Structure formats: structure tokens, C-alpha cells
2 protein chains.
Amino acid sequence: MRDEAPRAVTAICRSLQEQIAHGLLQPGGQLPSERKLSELFDTTRITLREALGQLESQGLIYREDRRGWFVSPPRIAYNPLVRSHFHAMVREQGRLPATEVLTARLVPAAADICARLGLPALSGVVQIRRARRIDGRLVLYVEHYLNPSYFPGILDYDLTRSLTELYASEYGIHYGRVRFDMVPTALDPEAATTLRTAPGSPALRITRLNRDQHDRLIDCDVEYWRHDAIHVCVEVPE
Amino acid sequence: MRDEAPRAVTAICRSLQEQIAHGLLQPGGQLPSERKLSELFDTTRITLREALGQLESQGLIYREDRRGWFVSPPRIAYNPLVRSHFHAMVREQGRLPATEVLTARLVPAAADICARLGLPALSGVVQIRRARRIDGRLVLYVEHYLNPSYFPGILDYDLTRSLTELYASEYGIHYGRVRFDMVPTALDPEAATTLRTAPGSPALRITRLNRDQHDRLIDCDVEYWRHDAIHVCVEVPE
DNA sequence: TAGTGGTCTAGACCACTGA
DNA sequence: CAGTGGTCTAGACCACTAA
């Protein structure tokens, strides 16, 4: 086995893990530059980056494109069985949520969106693309697709708000059955650019298919979460 | 932006993705050696490995330690709300499950296990370590921790079976409430060795805390899944 | 503008796998 | 035993960030 192999990469990981665990590097804090670290550990940048990559996989640190490496803040608990929305969920856990709208418009529906929402071919759908932050950190890229017949004029509202609340207050529509699908994968190029992170960074893709109180398919969305930003909790009753 | 950057890594990824999508590389099939591929794409092994790493993050390919790179088979659907167990779940999806027991013994409980199972300090717990396969591929490393007072003599049974079934048939114990916690992270060194994969490979860690029909905490377990082996489905009723 | 991370080159040695 | 992946060295240039 390689149990006792004192690999350079392993040693660097352990050293940094220890520093973080003991609070010498604060959550959100920035690590020294790669060149400084590789000098410190007496190795090359390639080797050092291998170690950083492993810590990133573990969710201990994350990178911002061309800005450097930072210590990951604690994860947010995400409970699909609890009817909540981003802002409420984040605030309940003592963190600060923020949303920005990237684009919002009527677009021709892609084939897979038609299929999922049960729309005829060549339909139009309302697409809303948003980015969301926790404590200022970009953690989530979402694309929402709404069946336009249920939401006339929705593009005129303030879409930084919770859609859940907007549906309820302006359209009298409430969520009914919801189907979640969660896949550990990498960030989509679009999502990577938006979240200002490296292409191919690990991510959790959550797709939701939402029905209303009359069991009509009203919208679906695709969420790309930074993989170190959440953990998914499910309480199964019985 | 770097949108139009014709990066070598991106080009390699796209090329391999296309080959896989068109079925020229079959699920489970092995890729050519890294040296052959780097020659083919006229680049260095370092660059090629960067591309392979991204495809691994996406869950398109996986590696077996020192054996090479393979195309990932389709993911298994994992539904925490459905009371099932590994063998049934896998078989229902037309795949072939297998289990091997690594170790099974009474051990002093670690502090976090005591806390989770509500055991007094310095208790003994039954620890069962298992590895599980789908269609021959190692995909899951699990550690089970059982409150020994509910399961006298359990170490004498065939532990390659489903514990769920064993609990029911031999002890009259059925699962009641269950709490799941799912975290995208990297494989534990132990898990990486067992699954014969590189340390720091991406993984989904699922921890379960199980109660019985009388709401007593009976066991908990820690599962490390290869991140490309499953997707988690949750149907929320209402 | 200085320094950073992103990307890439061109090698090397080792332990291990599989024929 | 040949070939493989795992690991590491010692550089380089570029685009971008932050001052």
C-alpha cells in the first residue's frame, strides 16, 4: 500500500488542514500566493497546486478566478423537505443572502425544457438567470424556466426577490409537489464564469421540477452550487 | 472573458466527450494510456491529466489506481425517501450488486459516534466496514456503527447480506425515522484505498442516523460514494 | 506596473500491473 | 519485464487583478 508514503502533496495538505483547523486561517481568509507557498513547502507550483486541488475537493478551501485561494466558510444546510426559499434558508442560519439577476426574458424553449415542463415543441418559456451569494461569496448559479401561461407580466416585477413569494403574492400560486434531482458534477462553463471560478470546479447540480397546488407543472430550475457551500439534510419520518 | 480561448485542455475535453457521447468509448471501457493520449493530442502528460481530471469531476470518466482511466457507467438513482437497501435498489435498476465485508468487530466508540448514537463515554460499538460494487465496479465504502445492546450475536451472521433484512428477520427491528446528511467532498484515505482510487478523488459522503419502530437510535453509518455513481432523487409530496 | 493565478512545456524516477 | 499511472522537478509566457 501507499499508507506510509510521505508524499509531498499529503504533507502539504496536512499542514494546511492543521492551520485551518486551529483557526490560524480564518474562514473567508486568503491563503498566501502559490509562489510563496511553494517556496515555503520547498516544492514546485505544480505539486503545490495538486495539494490545493485536493483541499478544494474536500471543500476546505476554494478559489476565485485569478484572485487566489480562500478558506471555505461553513456549509449551509439545505433541506428539500422544508418549503423554504434561498433568502429565508440562509437568514435562518445566521448568514447574509443576496441575489442578482443576470438575465430575464422570454426564450425559445430547449427540447429538454419542453419535455420537463410538458410544453409543446417550439414553445416560448420565461428564462431567469440569477446568481446568489452567502455573506458576499458567490455560491449559486440558477436558471429558472417558467411556463409563461401561468405568469403573465412576470418580467416586470423585481426578480431579485424570492420567486416563491412572487408566485404567491401576485399570482396566487403555491408550490405543491416538487421533484429534486441532485448530482455531484462539475460547474457548467456558464456557471463557472458567473461564479468567477475555474472551469471544471466541483459542484452540486440540483434540478427541481415544481408543481402548484393544482398539481400543474409550473416551472423548473437548474441550480449549480459550489460543492463546498451546502450539505443536504433529509429527515425521513415514520 | 475567456469564452473564446481555445485552451488545449478544453479541446481535449470536448474531443473525449464527443467520443463518449457517440458511443465510440463504451461505459466501463478503458481509455488509451496517458502517454498515447498526450501524443495523440500533441501535448504533455501534465496537460492531458488536467483534462482527464476535469472529465472525472464531471463524472464522465473515472480512474482505478494505477490501472488507468475508464468511462463511467450510468448513475444509480438513490432515493432517501424510499425504504430500500443497496441490493434491492441496484437490482431494481437492472444492475448487479455485490457486497464484501472488510472487517466486523466490537470496537471502542469514537467520541462522535457516541454522541450520535447517544451512548455513554467509552462504550463499545459494533463496527462493520464493507465495500460494495455495481456491475463489478467498486462504488461505495461504508462504515456501520451499531448499538450492541440491540443486536447480540450479530457478528456471527453473514454480513454480506442487507443489514435491513437481518435486523428484521433476526431481531424484529425495523427502521423508523431516518436522518440523512449528504456532503459533496473527497474520499477519505481509507475509502480511497478500499475503492482503489486516487486519494482526494471527489465523493459524496452520506451519513445516516437510523431509529427503529420504537424511535430508538439503533445504528448510524457513513457511506462514501464515488461521486459519479449516483444521483439523489427526492419526491416531495403535498 | 508588479505580482498573481492560469496554462503549458519537457523532461525524470518510482512502484505497480498485467502479460 | 515492458508499460502504466503516480509523483515530482524547473522552468516559461500570458492575461488579469489590485495597488
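What you see is a predicted model; the values in this text were computed from it and never measured. All chains are named by letter (A, B, ...) in the order of the sequence lines, taking the proteins before the strands, and each is independently numbered beginning at 1.
For the pair R196(B) CZ and dG5(D) C1', the interatomic distance rounds to 16 Å; values are reported in whole Å. Rounded to whole Å, the distance from CG on L48(B) to P on dC8(C) is 11 Å. Between the P atom of dC16(D) and the CZ atom of R63(A) lies a distance of 17 Å, rounded to the nearest Å. Remark: P of dG5(D) and OH of Y62(B) are 14 Å apart, rounded to the nearest angstrom. F41(A) has its CZ atom 16 Å from the C1' atom of dC8(D), to the nearest Å. If you take CD of Q30(B) and C1' of dG18(C), they are 11 Å apart, rounded to a whole angstrom. Here dG6(C) presents its P atom at 16 Å from CD1 of I46(B), a figure rounded to the nearest Å. Atom CD in E64(B) sits about 11 Å away from atom P in dG6(D), given to the nearest Å.
If you check distances only, the side chain of R45(B) never reaches the base of dG11(C) with a donor-acceptor pair under 3.5 Å. Taking only distance into account, the side chain of R35(A) meets the base of dG5(C) through a donor-acceptor pair shorter than 3.5 Å. The base of dG6(D) does not come close enough to the side chain of R7(A) for any donor and acceptor atom to sit less than 3.5 Å apart.
Remark: R66(A) is not in phosphate contact with dT7(C), judged by side-chain N or O atoms under 4.0 Å from OP1 or OP2. Here T47(B) reaches the OP1 or OP2 of dT9(C): one of its side-chain N or O atoms lies under 4.0 Å away.
Not a single donor-acceptor pair under 3.5 Å links the side chain of D228(B) to the backbone N or O of S72(B).
Residue E34(B) has its side chain nearest to dG5(D) when only dG11(D), dG6(C), dG5(D) are considered.
A donor-acceptor contact under 3.5 angstrom links the side chains of E34(B) and W69(B), judged on distance only. Of the N and O atoms on the side chains of R45(B) and S38(B), not one donor lies less than 3.5 Å from an acceptor on the other residue. Remark: the T99(B) side chain and the R132(B) side chain contain an N/O donor-acceptor pair separated by less than 3.5 Å.
Within the 4.5 Å cutoff, no side-chain heavy atoms of R196(A) are placed close to those of R66(A).
Nucleic acid contact for R49(A): base, since at least one base atom lies under 4.0 Å from a heavy atom of the residue.
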Exercise for review: Please report the C-alpha distance between R129(B) and Y141(B) in whole Å, then the side-chain angles of each, then the deciding distance to 0.1 Å, and finally whether the side chain to side chain donor-acceptor pair (under 3.5 Å) criterion is met.
Suggested key: CA-CA 8 Å; R129(B) 294 170 57 248; Y141(B) 167 81; 2.9 Å; yes

Can you name the atoms? Protein N/O to nucleotides 1-3 of chain C N/O, anything below 3.5 Å, with the distance.
none

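Two residues, R67(A) and E50(A), neighbour DNA chain D, and the one matched to the more 5' nucleotide by heavy-atom proximity is E50(A). Nearest-nucleotide mapping onto DNA chain C: of T43(B) and L31(A), the residue sitting toward the 5' end is L31(A).
Classification of the F86(A)-W225(A) ring pair by plane angle, with boundaries at 30° and 60°, yields tilted.
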